[in-house]
Each structure stands twice: as structure tokens, then as C-alpha cells.
Amino acid sequence: MSAQGPSPTSTEIHAGIEQALAAMRTRFPDRFAAATTEQLLRDENAKILGKKGELTSILSQMGKVPADARKAIGESVNALRREVEAAFEEALKALFQAKRKAELEARPFDLTLPGRVPAQLGHRHPLSIVREEVISIFRGMGFAVHDGPEVELEENNFTKLGFPPDHPAVDMQDSFWTTSNHLLRTHTSNIQARAMSSRTPPMAFIAPGAVYRRDDDVTHSPMFHQLEAFLVDENVSMAHLKGVLAEFAERLYGPGTPVRLRPSYFPFVEPGAEVDIGCVFCKQPDGTRVGCNLCKHTGWIEILGCGMIHPVVFEACGIDPEKFTGFALGMGIERIAMLRYGVPDIRLFFENDPRFLSQF
Ligand code: DAH
């Protein structure tokens, strides 16, 4: 387009634009190819597509083109823009690849060198090992896992489970209260209240989790872990409970592990019992147990509490005690792990000393 002579007609402008686009189309591949660095390539790209770029200046003449030709020009401009953009990306990629290749060739790797082996491999915490094992035993018997909160309503932790208001556990001295009716759950039995209040039998659940009590000595920690198991249906009897306990003991401590129930009291079960297994520490090859310090020379070790769910619990949770019966049991994960590994002090589980943890 010449600046001299009579001003060009709109047809001439149109032809001029098409010509300029065609010229640009034939030239830009060589211009990109000649750019040997990323910066040069970006500069070249900006000269075409940038705010003051060639394509933009062509577009600025669109106003002078007859309306019926604008659409066609717009389409060619857009098509060219897409071509340039794609070619730019291609060229950029090629530059990066060439650069990477040069780097690798300048500083070759020896792929045959052995890798660096970490000095120490992480592994699971002994409490996790025991918890997973107990969970898998109960899952194998058909129990499903039920979760629940650690900050719990007094109602679910105590009231629905038949605790009288003057029970020592309800006291400020024994439990961590967060408000006048919320506390850190003192046991996983809260899940019994939750599940039974929101579902209808039959149900069979286990509930593993952290619990909290104001206690701190060699065998007590203010935070520890329990696992609750309970089953509710028609015609559930103590025989079912004993069968589950026997299966559990055999799977966890080996075939032939004897189990015995001693009568005991928990507000939410009747009858209630504590469960002992034959001492695993002084057991002789012939199965007899000679007595040791760990079983206090009785040949038996207590592992959990259990019983038949008390009718008052069913009533508090809206389940008909005339129609349904059930059993419940609860164990301390730390206690099971202490017995399993012969750990004398519960606090070792929470100090995270690698000399202790690396032994499992
Ligand atoms: N919740 C009891 C505790 O923390 C353990 C327990 C005893 C759970 C008897 C039960 C049970 O389900 O039947 O000491």
C-alpha cells in the first residue's frame, strides 16, 4: 500500500491486507526457526502477535474495509493467529528439548551407579500394627467399622449407657470436660449409644479410637486407644459372646489360647464380665502355664471387659429390649500391645523414641 497518489479504494485496502497476511504466513516459520534462544523467540512472537505487533496493526485497518469483506478478513486473521501461536509453542518446546539434551550431554549421568538407600526405613507404629490386626479379626467375623467423635456429649458417653450422675467417671476429677455437657470421650462405648440411637437391629460394629482420662502412670496414659465391639439382634446370647471371644483369642494369640470370663460390673452390661486369656508369657511347650510376674503367678491375663447389653441402654437408645438382645466388649489397644510385645511402660508408645519404635 502506497502513501502516495490518490488514496486507495477500499477494494485495494482489502487486497493489500490479504497480501500482507499471505506474506506474513510465508515468513513467520523462518523467523521462528532463526530464533536461537527463548528470549529471541519470544521477541519475534511479540513482533507478530504483541500489542504493537504486525498482525495487530493489520487489524487496525479493518475499519477501512467494506463491511461485506470484513468477515472474510477476520477469519483469515484468526486462522493466521492460531497458526502463529501453534508454531510458537512448537518452537518453544523444541528449544527446551534442545537445551535439555545439551545439558545431559555436557554432564552425563552414570545410570549404572547404585541408588542411595535411606539409612532408616519408616514403618508402622506398634499400636497401629495391633489395631489393624484386631480390626481385621473382627471384620473377618462380619463386624463393620463405625467411627465417632472424640469430643462427645455427656449423653452418649454416660447417660444412655446407664451411668448414674454420681458415678466417679462422671466427675471432673476423672474426665476432661470441655463444656458443662461435652467431654473428651472416656471410652469407645459412646459408639454403642450413637449406633443404637440411629439404627435398627440387626447390627454388628467395631469402633476403634482414642479415649481420654485423667490418669498418668506406668500403665495409664491420659490419652490411649480402645476398640469396642457390639452386636444386636434377636436371640443373641452369652454363648455368642463367648464364641466371638474364643475366636478372637485364637486369632490374636494362637490356636488353643484358653479364655475365661470372670463376673464384673460395668453400668451398661448385665451380666458383665472381665475376660482373661491363658498367660502367653509363661506358657510351656505342652500348653501348661507355670506362672510368672506378668500374670502375677495366676496363669491368666486380663484382656478386656464385656457383657450382655443392659436393657436400660436399649431403652435409652430406642430399641425394644423385649425383642432384641446383644453383647458388647471393649479392650485397650495399648494393653493388648503391651502383652503382645512385653512392653512394661505404656508411655513408651507415645514418646516416639526411635530406639523403641525400630524394634517392631
Ligand atoms: N468401656 C469400658 C471401659 O472403658 C470397657 C468395656 C467394658 C466395654 C465392658 C464394653 C463392655 O463394651 O461390655 O473400661
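When a ligand or atom number is given, it counts from 1 through the structure's own listing order. Predicted, not measured: the structure shown is a model, and the values here were computed from it.
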Under 4.0 Å from any heavy atom of [X], which atoms of ligand 1 are there?
{"X": "Cys306", "answer": "9 (C), 11 (C), 13 (O)"}
{"X": "Val269", "answer": "13 (O)"}
{"X": "Gln226", "answer": "3 (C), 4 (O)"}

Can you tell me the protein heavy atom closest to atom 12 (O) of ligand 1 and the distance?
Glu228 OE2, 2.7 Å
Give me the residue, atom name and distance of the protein heavy atom closest to atom 4 (O) of ligand 1.
Arg213 NH2, 2.6 Å
Nearest option to [atom], as decided by whichever heavy atom of [options] sits closest:
{"atom": "atom 1 (N) of ligand 1", "options": "Gly307, Gly330, Ser189, Gly272", "result": "Ser189"}
{"atom": "atom 9 (C) of ligand 1", "options": "Ala207, Ala273, Gly305", "result": "Gly305"}
{"atom": "atom 10 (C) of ligand 1", "options": "Phe230, Phe224, Phe268", "result": "Phe268"}

Row check, Trp300 ring normal vs Arg262 NZ/CZ: under 6.0 Å, within 45°
no
Centres of the Phe360 and Tyr341 rings: under 6.0 Å?
yes
Before we go on, tell me: are the rings of Phe143 and Phe205 under 6.0 Å apart, centre to centre?
no
Mark yes or no for whether Ser128, through its side chain, and Arg124, through its backbone, hold a donor-acceptor pair below 3.5 Å.
no
Is there a donor-acceptor pair closer than 3.5 Å between any side-chain N or O of Glu334 and the backbone N or O of His225?
yes
Classify the contact between Ala328 and ligand 1 as side chain, backbone, both or neither, using a heavy-atom distance cut-off of under 4.0 Å.
both
Glu152 and Asn157 side chains, donor-acceptor separation under 3.5 Å:
no
Is there a heavy atom of Gln192 sitting under 4.0 angstrom from any atom of ligand 1?
yes
My understanding is that only residues two or more places apart in sequence, or in another chain, count here; which of them pass side-chain contact (heavy atoms from CB on, under 4.5 Å) with Phe96?
Glu38, Leu92
Derivation and outcome, side chain to side chain contact (heavy atoms under 4.5 Å, CB included), residues Leu227 and Thr188
CA-CA 6 Å; Leu227 185 136; Thr188 44; 5.7 Å; no
Short N or O distance, Leu329 and ligand 1, threshold 3.5 Å exclusive
yes
